[in-house]
Amino acid sequence: MAAAPRRVRVRVAPSPTGPPHVGTAYVGLFDYVFARQTGGDFVLRIEDTDRERSTRQSESDIIAAFRWLGLAWDEGPDVGGPFGPYRQSERSHIYRQHAEALLQSGAAYRCFCTPQELAARRQARRSQGGQAGYDRLCRGLSEQEARQRLEAGAPHVVRLRVPLEGETAFDDLVRGAVSVHNAQIDDQVLLKSDGYPTYHLANVVDDHLMEITHVVRAEEWISSTPKHILLYKAFGWAPPVFIHMPLLRNKDRSKISKRRDPTSLLWYREQGYLPEALLNFLALMGWSLGEEREVFSLEEMIESFSWERVKTGGPVFDLQKLDWLNGEYIRAMSAEELLERIIAEPYTRRLDEPADGMLAITALVQERMKRLAEFDELTGFFFERKPYDPADLVPSKQDGDFVRQALAAGRGVLEGLDAWSAEALDAVVRGLAETRGWKRGALYMVLRVAVTCRRVSTPLFETMEVLGKDECMARLAAADAAAADLP
RNA sequence: GGCCCCAUCGUCCAGUGGUCCAGGACACCGGACUUUCGAUCCGGCAACCGGGGUUCGACUCCCCGUGGGGUCACCA
């Protein structure tokens, strides 16, 4: 039975009906890794068959988001390829043709029920505790009747004639056998009355025509996979391998949704999550290296990936862990690279500042940054004096008197200091604390607030060095004035 | 509700019949370092959903419960 080894072809098939979704990236990551590992092809196909909701904006956002992540596709609407077009809205004739073939063979039939009729009947059935789904009213229509209505121009859809008995099964690569009784399967709409295909038809036709070997998609599709199997059968095609990835979850374990957690890739990018960190994090959702290492590159994942190691339980998307991981990546790079990436996006509005100063500042915040977008907030005091409450100058267990003395003494020793380096500053201030018998921490806190206008800041002396003597002295003087009437 | 999928610390993962009174990571709580925050290092807390089988032996296999999730559209 050994089938000829086929080149692996996978696709990610987003529907451009909103912001690029993190779940799409999740599935796309596994597609990409699998394709790269096997030397296969990764295809991007735009499933824009919902004419109401699909937008070009959404499509380009999706493309931009995937580029940002670095998940490059070999074929797609923007780069072309031998199996195009890759936008379903441009393939309508293909679907119509295939629907026609099904009509001819009797595997499908025309249904003239209107949405309103369907809704009404559905509701009636439901209130009587009956089955959901289509009641198959038009399934029994005679050919003559159907033709009559068709010629009269009655709007209609094409439905799949699902066998009433038996069962349909498939083997999910990560879940094993799944089977459903055909009686449970609805006579699915294949072609809508606007002439566009539904997901079911378009998906099956395209996956076959594009020679997709492995369909990787989210778990929510499991229940419609039997319909797809039936469709492949009706066409006389061999179905691809199916792999249903678990659904990413909110904290309450429901399917991840923007109501609860951020789902837009645009948001992750804006916040300053690094693509490699986000990918690493997504990989951790359901897959592991097999050793106890959690920080790894895309390349490493490609090297050791296997479907056997993907879990089927739905993972909760934990932003706290993403933050930690992002911080790991931030700390692992050089300050130069970090700054480059902050400027490239940009994540800062300080684009006109001198490069050496920016680099020094970046080095100071690097180890306390979790997201690149925090840069300005963390470094604002370097560029401008921030308003602050003079009471902040007072260290715990100290009073205004201490603040005034500390400031006066501090200004005194610093005024005479010429070598304005962190080491020199450290030595001088340390010496001051000792000669006066002051608690070092208390003295430092006064200076910190005076110089950075904040109780929490980057290390004091490095910060003062970057700020320069003039600016520091001016800030100390201002603090001194503000401390005048501190109790 | 019908059908389907899933089930190890709060969360993410390791564990593929014995080496498990269950291991790592995040978070949390302590401690160390330290001029604040952070980073770093050290330590701690904390789980095999329940019940039946199978087996000499089950976290691991099977069944039934229970729980969670998904799906039941001319949306994907």
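Note that the structure is a prediction, hence the values are computed from the model and not measured. Lettering of chains follows the sequences in order, A, B, ..., and the numbering in each one begins at 1.
Each of F317(A) and Y444(A) has a nearest nucleotide on RNA chain B; the 5'-most of these lies closest to F317(A). Between K192(A) and R122(A), the residue whose closest nucleotide on RNA chain B is further toward the 5' end is R122(A).
Comparing the P positions of G15(B) and A32(B) gives a spacing of 38 Å, expressed to the nearest Å. Distance check on atom C1': C45(B) versus A27(B) gives 12 Å, rounded to whole Å. With both ends at atom C1', the span from C59(B) to A47(B) equals 10 Å, rounded to whole Å. Going from the C1' atom of C41(B) to that of A46(B) covers 22 Å, rounded to whole Å.
Between R87(A) and E59(A) there is a salt bridge, since at least one side-chain N of the basic residue sits less than 4.0 Å from a carboxylate O of the acidic one.
With a cut-off of 3.5 Å on both Watson-Crick or G-U wobble distances, the partner of U16(B) is given as none. In a base pair of the Watson-Crick type (N1 to N3 plus N6-O4 or O6-N4) or a G-U wobble (N1-O2 and O6-N3), with each distance short of 3.5 Å, G43(B) is matched with C29(B). In this structure, C61(B) forms a base pair with G53(B), meeting either the Watson-Crick or the G-U wobble geometry with both donor-acceptor distances under 3.5 Å. U71(B) is paired with G2(B) under the Watson-Crick or G-U wobble criterion, all donor-acceptor distances under 3.5 Å. Searching all strands for a Watson-Crick or G-U wobble partner of C9(B) with both distances below 3.5 Å returns nothing.
Residue contacts for G286(A): at a heavy-atom cut-off of 4.0 Å it reaches the sugar-phosphate backbone alone, with no base atom in range. Using a 4.0 Å heavy-atom distance criterion, Q184(A) is classed as a sugar-phosphate-only contact. Note on T458(A): a base of the nucleic acid sits closer than 4.0 angstrom, heavy atoms only. Residue-level contact check: W221(A) touches the bases, meaning some heavy atom is under 4.0 Å from a base atom. Counting any heavy atom pair closer than 4.0 Å across all strands shown, M369(A) reaches no nucleic acid atom. Here C113(A) lies in heavy-atom contact (under 4.0 Å) with a base. At the heavy-atom level, P16(A) lies nowhere under 4.0 Å from the strands shown. Residue contacts for S193(A): at a heavy-atom cut-off of 4.0 Å it reaches a base atom on one of the strands shown. Within 4.0 Å of R253(A), counting heavy atoms only, lie sugar-phosphate atoms of the nucleic acid but no base atom. Across all strands shown, V157(A) has heavy atoms under 4.0 Å from base atoms, whether or not it also approaches the sugar-phosphate. Residue R125(A) is classed as having no contact, given no heavy-atom separation below 4.0 Å to the nucleic acid. In this structure, R159(A) reaches the sugar-phosphate backbone alone: every heavy-atom distance under 4.0 Å involves primed, P, OP1 or OP2 atoms, never a base. Nucleic acid contact for T114(A): base, since at least one base atom lies under 4.0 Å from a heavy atom of the residue. Within 4.0 Å of S457(A), counting heavy atoms only, lies at least one base atom of the nucleic acid.
Crowding of E52(A) atom CD: a count of heavy atoms from other residues, nucleotides or ligands under 6.0 Å not exceeding 12.
One donor-acceptor pair, N or O on each side, does fall under 3.5 Å between the base of G24(B) and the side chain of E294(A). Between the side chain of K321(A) and the base of A27(B), no donor-acceptor pair under 3.5 Å is found.
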Q: Could you give me the CA-CA distance, side-chain angles and deciding distance for E471(A) and R385(A), then say whether salt bridge (charged side-chain N to carboxylate O under 4.0 Å, His left out) is met?
A: CA-CA 10 Å; E471(A) 180 64 18; R385(A) 298 181 204 175; 3.0 Å; yes
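The phosphate of C75(B) has neither OP1 nor OP2 within less than 4.0 Å of any side-chain N or O from S15(A). For K227(A) and U71(B), the shortest distance from a side-chain N or O to OP1 or OP2 is not below 4.0 Å. In this model, the phosphate group of A76(B) is approached by a side-chain N or O of T49(A) to a distance below 4.0 Å at OP1 or OP2. Under 4.0 angstrom from either OP1 or OP2 of A76(B) there lies no side-chain N or O belonging to R45(A).
Distance from the side chain of F461(A) is smallest to U35(B) among U71(B), U35(B), C4(B). Checking C74(B), G68(B), U35(B) against the side-chain heavy atoms of R448(A) singles out U35(B) as nearest. The P459(A) side chain lies nearest to U35(B) when the options are A76(B), C26(B), U35(B). With distances taken from any side-chain atom of Q320(A) to the nucleotides A14(B), C26(B), C74(B), the minimum falls on C26(B). The side chain of P115(A) approaches C74(B) more closely than any other nucleotide in the set C13(B), C74(B), A76(B). Closest approach to the R249(A) side chain among G68(B), A14(B), G70(B) is made by G68(B) (side chain taken as heavy atoms from C-beta onward).
Taking atom CG of L282(A) as the reference point, atom P of C13(B) lies 12 Å away to the nearest angstrom. Residue R368(A) contributes atom CZ, which lies 12 Å from atom C1' of U40(B) at whole-angstrom precision. Atom CG of N250(A) is separated from atom P of G68(B) by 16 Å (rounded to the nearest Å). Between the CG atom of L460(A) and the C1' atom of U34(B) there is a distance of 13 Å, given to the nearest Å. When the C1' atom of U34(B) is taken as reference, atom CD of E462(A) falls 12 Å away, rounded to whole Å. For the pair L284(A) CG and A25(B) C1', the computed distance is 8 Å after rounding to whole Å. Remark: P of C74(B) and CZ of R51(A) are 16 Å apart, rounded to the nearest angstrom. Atom pair E291(A):CD and A14(B):P shows a separation of 13 Å (rounding to whole Å applied).
Between W438(A) and F402(A), the gap from one ring centroid to the other is short of 6.0 Å. For W221(A) and Y199(A), the ring centers are positioned less than 6.0 Å apart. Note: F281(A) and Y273(A) fail the aromatic proximity criterion, with ring centroids not under 6.0 Å apart.
Contacts with RNA chain B (heavy atom under 4.0 Å) in residues 434-441 of chain A: R440(A), listed by number. Non-hydrogen atoms lying under 4.0 Å from RNA chain B are contributed by W324(A), E328(A), R331(A), all within residues 322-333 of chain A.
For the residue pair T168(A) and H181(A), no side-chain donor N or O sits within less than 3.5 Å of a side-chain acceptor on the partner.
Contact of the R436(A) side chain with the Q405(A) side chain is registered, since non-hydrogen atoms from C-beta on lie closer than 4.5 Å. Side-chain contact check for K370(A) versus I330(A): every heavy-atom pair is 4.5 Å or farther apart. Taking the side chain as every heavy atom from C-beta outward, V174(A) and M245(A) never approach each other to under 4.5 Å. At least one side-chain heavy atom of T463(A) sits less than 4.5 Å from a side-chain heavy atom of F382(A).
In this structure, R159(A) satisfies the cation-pi test against Y134(A), with its NZ or CZ atom closer than 6.0 Å to the six-membered ring centre and inside 45 degrees of the ring normal.
Atoms OH and CG, from Y26(A) and L279(A) in turn, are 12.5 Å apart once rounded to the nearest 0.5 Å. Atoms CG and CE, from L425(A) and M464(A) in turn, are 5.0 Å apart once rounded to the nearest 0.5 Å.
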